[in-house]
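Below, each value reflects all heavy atoms present in this structure, side chains not excepted, and no hydrogens, waters or symmetry copies.
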Amino acid sequence: MAKINTTFSFRDEFSAGMNKLNNSLENLNKTLLGMQNQMKGGVNPALSDTDKKAKQVGDNIGGLNTKLLNFSSAVQVLNTVRNAFGEISSSVAECSSLYNFQIEQETKLEQVMRKHMNASEEQIQMIKDATSQQQSIGIYGDEMQMAGLQELATYIDDAETLKGLMPVLNSMLAQGVGTNATVRDMQSYATMLGKVMQGQVGGMSKRGYKFTEAEEEILKTGTEMEKMKVLTENVLGNFGDMNEALRNTPQGQIIALNNDI
């Protein structure tokens, strides 16, 4: 349903009514001034008191007219202020929503890291700092990255591995989806990357990533650090840091500005 702009409809109706009232007051004022001029002609000296009263009424009407005009201006100012506060309230609500989402993702990441890798407070803070650093050079906000890292953390054991895989995850998402990526996309790619860390390379192969037999063997039997090194060399080595590259595009600059705000 379309939203009716009651502010402007009220203002228009009020202004039209004020114009009619002002015209009526001006006509009445002219009539009284005419009577006053006739009285000044000396028709009847006894009417001097009436002359004074008529002038006083005319002055009062003029003053009332000015006050009504001032009131009309004041109403318009109040409407403008009310609209401004409405816009501010909307912006505050949006910021509050984004802040709550940020806190939610941080809390979930902390819980997953403690549960699945027995991470310390220092390790958790290290990951948070790393997401901020990645945000400063790429197009994905730290809260979006943390939503993906919650999923990825369930597949690995070490916080250092999680940190090392962040550029890989961001670059893969940038390569596959780009600037229109959503939180759900980030989580989907995190799941795929996590499965590769478990030796299941099929998901990445279907997306165009090719591994040699030696690389596949490491991804199946190697340590987490060895697997991370293979993925880093394969993804960033073959495609470059697509996350950082997209930041330099016009759309990437807009997204980066929104992330900073």
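In terms of heavy-atom proximity, M146 sits nearest to K128 at SD-CG, 4.3 Å. Of all the heavy atoms in L162 and M117, the pair that sits closest is CD2-CE, 4.4 Å. When all heavy atoms of Q135 and D260 are compared, the pair lying nearest together is NE2-OD1, 4.1 Å. Closest approach of I156 and M197 over heavy atoms only: CG2-CE, 3.9 Å. The two residues T154 and H116 have their closest heavy-atom pair at CG2-NE2, 3.9 Å.
Looking only at atom types and distance, the side chain of Q125 has a donor-acceptor partner in the side chain of D129 under 3.5 Å away. Inspection of the Q134 and N170 side chains reveals an N or O donor paired with an N or O acceptor under 3.5 Å. Side-chain contact, Q145 with T131: no donor N or O sits under 3.5 Å from an acceptor N or O.
Just one of Q175, E151, R207 meets the side chain to side chain donor-acceptor pair (under 3.5 Å) condition when paired with Y189; it is R207.
Between E121 and R114, at least one side-chain nitrogen of the basic residue sits less than 4.0 Å from a carboxylate oxygen of the acidic one, meeting the salt-bridge criterion.
In this structure the side chain of D185 reaches within 4.5 angstrom of the side chain of T182, judged on heavy atoms. Contact annotation: the side chain of E122 never approaches that of M126 to less than 4.5 Å [non-hydrogen atoms, C-beta and beyond]. Using a 4.5 Å heavy-atom cutoff, the side chains of N243 and L173 are not in contact. For the pair M166/Q133, no side-chain contact is recorded, criterion being any heavy-atom separation below 4.5 Å from C-beta on.
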